[in-house]
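Below is one structure, written out as C-alpha cells; the observations come after it.
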2 protein chains.
Amino acid sequence: MGTIGRPRSKSAHEAILKSALRLVAKRGFRAVSMNEIAADAGVGKMTIYRHWPNKAAVVMDSLLELIGNETAFPEAGNALESLRRQLHLQAAFFRSSRGNLIRSLVSEAQSDPELATAFRDRWLYPRRDDVRQNIKAAILEGSLRDDFNIDTAIDQLYGSLYYRLLLGSGVLNEQFIEDTYQQFLTGHQARLAVRKTPKSA
Amino acid sequence: MGTIGRPRSKSAHEAILKSALRLVAKRGFRAVSMNEIAADAGVGKMTIYRHWPNKAAVVMDSLLELIGNETAFPEAGNALESLRRQLHLQAAFFRSSRGNLIRSLVSEAQSDPELATAFRDRWLYPRRDDVRQNIKAAILEGSLRDDFNIDTAIDQLYGSLYYRLLLGSGVLNEQFIEDTYQQFLTGHQARLAVRKTPKSA
DNA sequence: TGGGAAACGATACCTTTGGTATCGTTTCGA
DNA sequence: TCGAAACGATACCAAAGGTATCGTTTCCCA
C-alpha cells in the first residue's frame, strides 16, 4: 500500500486562522484579500485552499475556533441572572471588532446558501440551544411562565441585537440591553408570588 | 452662453430601475451583473453610470421609487390596529421576492459605508418615523403607556422581523407576527381603562 | 532507513465583474 | 441651426477569488 504523504501543517492552519481573524475583524471581509491573508500568515495561497474551500469558510472557522466561546452563558446565582449577563456579553461582543466577523458572515451568507446553512448550523443554532436550555432552567426555577413559544421569545430577545449590529440604527449600550431584558421579563415572567387581591380588585 | 445639451432620457431611467428591481428580486444582488441589467433594459452600460454612481445606488433607487410605499401604514379604526396590520404587511413584503432587495442592500451596506448611510437615511429612518408617529398616536388614544423609550420599542418590534429575514432562523408567518405584536402590547399597553382608585390603592 | 506520496511556499495564470474611456450618433434648446 | 451633452455600443482596465503547476520538504510505512 502507498504511504499517506506529508501531513497537513498544524502551524500553517493556525497561522491562517489567526491572520484571517485579525484582518477581517479590523477591516472587514471584503476589504481583505486572500493574497493578503496568505502573506500575513507567511503561507502560500494554495495552502489556504488545501485547508478550506473558499474565503468564507476560513473566516467562519476563525470565528468558531478562536472566539466561538466568548459569549457563553456565565455562571450566576440563577438562570435569569445568567441570561441577563449573557445579553450584556453578547452586546459587548458585537460592539467589539468581533462584531465585524458576524457582520461579514451574515452579509456573505445573503448570496451564498452554503455559507448561510453553515452559519445557522454551526453558529446560530448552537447558541440558540444554549438560550433555550437557559430559559427552560428559568421556567423550572419558577421564574418564567411555561406557556410561551420559546423560539419566538429568543427572536425577540436577540433579534434587536442583530438588528442594531447590522443596521446600525442605534447603539448597543448597556441601557438598551437592560430595557430589552426588562421587556422580555414583562411578557414572560411568572406571576409574582404575592398576589393577595383577586382579579376583581 | 452655451446651451444645455441633450436631456437625460426618462424612459431609459425607468427601464433601468425596472430591470434592476426584477432581476435582483428574482436572483439577488451579487448574481446580477451590470451588463445584464443594461442588456435587459435595452440600454448602454454607460447610461446607467450616467444616472447612478454604482450598482448599489441603482438597486437602492429601485427599492425606493418602485416599491417604497408597499409597507405604508394602512388605515384602520385606531392606531394600534393600524400598527398590527402594518406588521403583517411588512412580513408579507419580506416573504415576497421584495425581501431580496432588502437582504441585498443590507448585505452590501456591511462593506459600503456610503450605502449604509443611504439605507438608513432613505429607507430605515423614514419608516421608523412612521412607526414612531403611530405609537405616539396610540399613546394619545390612551392605548399605550407614555413612559417607555420609543426607539427601543421599535427595535423590539421590527428587529425580529429583520432577524428572520437576514438569518433565516424561522418563518415570517402570521402567527409569529401576532406573537410579536402581543408581546409588545404586554409590555407597553396602557393599564386597562377603568382605574378608579388612586395610586395608593 | 529509504522511497513515495502528499503538503509546502511561490508564482503565473484564468475568469468574472464593477467601473471607465471612447467611438460615432442622436436629440434637444438657446 | 448648431453646439453641448446624452445616447447605445464596445473595448478596455484593475482587482480579486480561485486554479495550475513549479521545485522542495516532510513524514509514514514498508
Side-chain angles (χ1 to χ4, degrees), chain A residues 1-20 23-24 27-62 104-105 107-115 118, chain B residues 1-20 23-24 27-62 104-105 107-115 118:
Chain A
M1 298 277 302
T3 52
I4 310 176
R6 178 175 174 179
R8 294 276 177 86
S9 164
K10 191 160 179 63
S11 66
H13 188 95
E14 291 176 1
I16 292 164
L17 289 183
K18 285 184 182 176
S19 292
L23 293 171
V24 172
R27 312 217 317 271
F29 187 88
R30 303 283 271 282
V32 177
S33 72
M34 288 298 262
N35 283 328
E36 196 176 355
I37 294 175
D40 186 88
V43 147
K45 199 209 278 198
M46 268 313 294
T47 298
I48 304 184
Y49 284 101
R50 279 187 206 99
H51 288 244
W52 293 274
N54 53 53
K55 185 179 171 184
V58 179
V59 177
M60 184 80 207
D61 274 9
S62 296
S104 295
L105 291 169
S107 170
E108 295 303 307
Q110 302 307 316
S111 57
D112 182 343
E114 278 190 38
L115 175 61
Chain B
M1 299 277 301
T3 52
I4 309 174
R6 178 177 175 177
R8 294 276 177 88
S9 163
K10 191 163 180 61
S11 64
H13 187 94
E14 291 177 0
I16 292 163
L17 289 183
K18 285 184 182 176
S19 292
L23 293 171
V24 172
R27 311 216 319 271
F29 187 89
R30 302 285 270 284
V32 177
S33 72
M34 289 298 263
N35 283 328
E36 196 176 355
I37 294 176
D40 186 88
V43 148
K45 198 209 276 196
M46 267 313 293
T47 298
I48 303 184
Y49 284 101
R50 279 188 206 98
H51 289 244
W52 293 274
N54 53 52
K55 185 179 171 183
V58 179
V59 177
M60 184 80 207
D61 273 9
S62 296
S104 294
L105 291 169
S107 169
E108 295 303 307
Q110 302 308 315
S111 56
D112 182 343
E114 278 190 38
L115 175 61

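Each chain gets a letter, A, B and so on, in the order its sequence line appears, and its residues count up from 1. Because only heavy atoms are used, hydrogens play no part in the values below, and waters and symmetry mates are left out as well, while side chains stay in.
Atom CE in Met34(A) sits roughly 6 Å away from atom P in dG18(D) (whole-Å rounding). Rounded to whole Å, the distance from CZ on Arg8(B) to C1' on dT26(C) is 16 Å. One atom, CE of Met46(A), and another, P of dG23(D), lie 16 Å apart when rounded to the nearest Å. Straight-line distance from the OH atom of Tyr49(B) to the P atom of dC13(D): 17 Å, rounded to whole Å. Atom P of nucleotide dA6(C) and atom NZ of Lys10(A) are separated by 21 Å, given to the nearest angstrom. As rounded to whole Å, 8 Å separates atom P of dG17(D) from atom CD1 of Ile37(A). What separates CG of Asp40(B) from C1' of dA9(D) is a distance of 17 Å, to the nearest Å. Nucleotide dC2(D) holds its C1' atom 15 Å from the CD1 atom of Ile4(B), rounded to whole Å.
Of the candidate nucleotides dG8(D), dT26(D), dG19(C), dT26(D) has the atom nearest to the side chain of Arg6(A). Distances were taken from every side-chain heavy atom of Pro7(A) (C-beta onward) to each of dA16(D), dG19(C), dC27(D); the shortest belongs to dC27(D).
For His51(A), a side-chain nitrogen or oxygen approaches OP1 or OP2 of dC8(C) to under 4.0 Å. Listed pair Thr47(B) / dG8(D) meets the phosphate criterion, a side-chain N or O lying under 4.0 Å from OP1 or OP2.
Using a 4.5 Å heavy-atom threshold, the side chains of Phe29(B) and Lys55(B) count as touching. The side-chain heavy atoms of Met34(B) and Tyr49(B), taken from C-beta on, include a pair separated by under 4.5 Å.
Among the protein residues, Asn35(A) comes within range of no part of the nucleic acid, since none of its heavy atoms lies under 4.0 Å from any strand. Within the 4.0 angstrom heavy-atom criterion, base atoms lie near Arg50(A). In this structure, Val32(A) reaches the sugar-phosphate backbone alone: every heavy-atom distance under 4.0 Å involves primed, P, OP1 or OP2 atoms, never a base.
Here the CZ-OG distance, from Arg27(B) to Ser111(A), works out to 13.0 Å after rounding to the nearest 0.5 Å. The line from OG1 of Thr47(B) to CD1 of Ile16(B) is 6.0 Å long, rounded to the nearest 0.5 Å.
For Lys45(B) against dG19(C), a side-chain N or O and a base N or O form a donor-acceptor pair under 3.5 Å.
Of the possible donor and acceptor atoms, none in the side chain of Arg30(B) sits under 3.5 Å from a partner among the backbone N and O of Gln110(A).
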